Amino acid sequence: MGYLCPYCNHTCFDNGEITTTYYPSHDSADLQEMSENDARNNAVQLNFSTCPNCGKTAIRMIPYWKNEKMKFSFSYPPTMALQLPEYIPEAIRSDYEEAVSIVDLSPKASATLARRCLQGMIHDFWKIKEKNLNAEITALKGKVSPSQWKAIDGLRKIGNIGAHMEKDVQLIIDVDPGEAKKLIKLIELLIEKWYISRYDEEQLFDEISKLADAKETERKSGTSCQQGTI
């Protein structure tokens, strides 16, 4: 079967040496020693895959195939997460990856991490630091489009559900996985617009400037050579 490394995106054929699979349960680490009932109700499938290209190990845990009651999936690095460039600050990448990794297990916590990721981006990219995120987003107004600003403020409000307890502790406002995934999509869009587009633009500008300088040097060199032959 094929294997796509979530770290380096290298694709290769898994000949049985890349992935090692375990079937642990609450009572046993060996599937052969489990009762049929224990395997069906408690066992999980745990895969460790080491990429032959980059040497890094990815982990994936899913229910044992005979268990129809358990429905979950966990992987590290998160399979849904984009592999962000290293020129994006590590704290922002870390918050983003963690938000993706727990979006199904704890959407409210994922929304809180997306909120923190947003605040880190505003601090780093826009150099805006105020007493709280609300004040920082207010200071951001006018620097981005009105629709983008409204979505950013919406992320803050939804992220607040996990970050701050309601005054009425009996009031429970939840965030479902679909809503938390929309917040992650917004973070990805902002990373693309703020960081990646700027980086690609600066790289292109730099390459064009260097190309122009090289052509100018070549032109002057050619002129000198022609003058020297007269």
Side-chain angles (χ1 to χ4, degrees), residues 3-10 46-51 53-62 72-137 139-140 143-144 148-149 151-165 174-200 202-203:
Y3 175 69
L4 173 63
C5 177
Y7 292 101
C8 67
N9 292 322
H10 178 72
L46 192 58
N47 295 333
F48 291 85
S49 302
T50 301
C51 177
N53 183 56
C54 68
K56 294 182 178 179
T57 298
I59 303 170
R60 178 168 171 77
M61 183 168 66
I62 57 176
F72 72 91
S73 176
F74 172 82
S75 60
Y76 188 84
T79 53
M80 286 174 51
L82 301 177
Q83 295 302 302
L84 300 179
E86 291 190 359
Y87 55 76
I88 296 172
E90 184 179 356
I92 293 172
R93 287 185 280 128
S94 177
D95 283 345
Y96 162 74
E97 289 177 0
E98 189 173 352
V100 173
S101 70
I102 63 171
V103 68
D104 289 311
L105 297 175
S106 180
K108 190 183 294 185
S110 177
T112 303
L113 282 163
R115 176 187 181 277
R116 191 169 79 173
C117 186
L118 171 66
Q119 187 167 31
M121 292 164 66
I122 291 174
H123 289 175
D124 176 70
F125 188 86
W126 294 100
K127 310 303 180 188
I128 295 175
K129 290 188 179 182
E130 301 289 345
K131 61 181 180 180
N132 54 42
L133 181 56
N134 186 24
E136 290 164 352
I137 291 177
L140 186 63
K143 299 180 184 295
V144 298
Q148 189 179 126
W149 185 88
I152 288 170
D153 196 45
L155 191 158
R156 174 189 66 83
K157 291 174 181 177
I158 298 170
N160 280 350
I161 294 172
H164 306 296
M165 184 178 290
D174 216 343
V175 179
D176 68 42
E179 293 166 339
K181 287 174 183 176
K182 285 186 173 67
L183 302 185
I184 289 170
K185 286 295 181 186
L186 177 58
I187 291 295
E188 291 173 349
L189 184 145
L190 294 177
I191 287 173
E192 172 65 35
K193 286 183 174 293
W194 293 358
Y195 286 94
I196 297 175
S197 292
R198 181 184 66 172
Y199 180 85
D200 289 347
E202 289 177 349
Q203 288 290 104

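Heads up: numbering here begins at 1 and tracks the sequence. Worth saying up front: this structure is predicted, and the values here are computed from it rather than measured. Only this structure's heavy atoms are used, side chains among them; waters, hydrogens and symmetry mates stay out.
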task: Give the C-alpha distance, both sets of side-chain angles, the deciding distance and a yes or no for side-chain contact (heavy atoms from CB on, under 4.5 Å) between Ile191 and Leu82.
output: CA-CA 11 Å; Ile191 287 173; Leu82 301 177; over 6 Å; no
task: Could you give me the CA-CA distance, side-chain angles and deciding distance for Lys143 and Ile128, then say whether side-chain contact (heavy atoms from CB on, under 4.5 Å) is met?
output: CA-CA 11 Å; Lys143 299 180 184 295; Ile128 295 175; 4.0 Å; yes
task: May I have the step-by-step check of side-chain contact (heavy atoms from CB on, under 4.5 Å) for Ile187 and Leu155, ending in yes or no?
output: CA-CA 9 Å; Ile187 291 295; Leu155 191 158; 3.8 Å; yes
task: Take Glu136 and Leu133 through the test side-chain contact (heavy atoms from CB on, under 4.5 Å) and record every step on the way to the result.
output: CA-CA 5 Å; Glu136 290 164 352; Leu133 181 56; 3.7 Å; yes
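Residue pairs meeting the ring-ring contact (aromatic ring centres under 6.0 Å, His included) criterion with at least one partner in residues 90-111, sequence neighbours excluded, are absent.
Considering only residues two or more places apart in sequence or on other chains, Trp126 meets the ring pair (Phe, Tyr, Trp, His ring centres under 6.0 Å) condition with Trp194. Listed by chain and number, the residues in a side-chain hydrogen bond (donor to acceptor under 3.5 Å, both in side chains) with Thr57 are Thr50 (sequence neighbours excluded). Residues forming a salt bridge (charged side-chain N to carboxylate O under 4.0 Å, His left out) with Arg60 (at least two apart in sequence, or on another chain): none. Residues passing the side-chain hydrogen bond (donor to acceptor under 3.5 Å, both in side chains) test with Ser49 are Thr19, sequence neighbours excluded. With sequence neighbours excluded, no residue satisfies ring pair (Phe, Tyr, Trp, His ring centres under 6.0 Å) with Tyr76. A search for salt bridge (charged side-chain N to carboxylate O under 4.0 Å, His left out) contacts involving Lys157 returns Asp153, not counting sequence neighbours. The salt bridge (charged side-chain N to carboxylate O under 4.0 Å, His left out) search around Arg116 returns Asp95, not counting sequence neighbours. Residues satisfying the side-chain hydrogen bond (donor to acceptor under 3.5 Å, both in side chains) test with Asp124, not counting sequence neighbours, are Tyr195. Partners of Glu130 by salt bridge (charged side-chain N to carboxylate O under 4.0 Å, His left out), not counting sequence neighbours: none found. The side-chain hydrogen bond (donor to acceptor under 3.5 Å, both in side chains) search around Glu97 returns none, not counting sequence neighbours.
With hydrogens and angles ignored, the 3.5 Å screen pairs a side-chain donor or acceptor of Glu179 with a backbone N or O of Asp176.
Using a 4.5 Å heavy-atom threshold, the side chains of Leu118 and Ile137 count as touching. Ser75 is not listed as a side-chain neighbour of Pro6, based on a closest heavy-atom distance of 4.5 Å or more. Contact check for Ile152 versus Leu190: side-chain heavy atoms found under the 4.5 Å cut-off.
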For residues 84-91, dump all side-chain donor-acceptor pairs below 3.5 Å to protein atoms at least two apart in sequence or in another chain.
none

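The CG atom of Leu4 sits 9.5 Å away from atom NE2 of His10, with the distance rounded to the nearest 0.5 Å. Put simply, CG on Asn160 and CZ on Arg115 are 4.5 Å apart, with the number rounded to the nearest 0.5 Å. For the atom pair SG (Cys117) and CZ (Arg93), the distance works out to 11.0 Å, reported to the nearest 0.5 Å. Taken to the nearest 0.5 Å, the NZ atom of Lys185 stands 10.0 Å off from the CG atom of Leu189. To the nearest 0.5 angstrom, Ile122 atom CD1 is 5.5 Å from Leu140 atom CG. The distance from the SG atom of Cys5 to the NZ atom of Lys56 is 8.0 Å, given to the nearest 0.5 Å.
Across Ala99 and Ala114, no two heavy atoms sit closer than the pair CB-N, 4.2 Å. Summarising the geometry of Pro107 relative to Ala180, their closest heavy-atom pair is O-CB, 3.7 Å, with the distance given to 0.1 Å. When all heavy atoms are compared, the tightest approach of Ile184 to Ser110 is CD1-OG, 3.7 Å. Closest non-hydrogen pair, Glu98 versus Leu113, comes out as CG-CD1, 3.5 Å.
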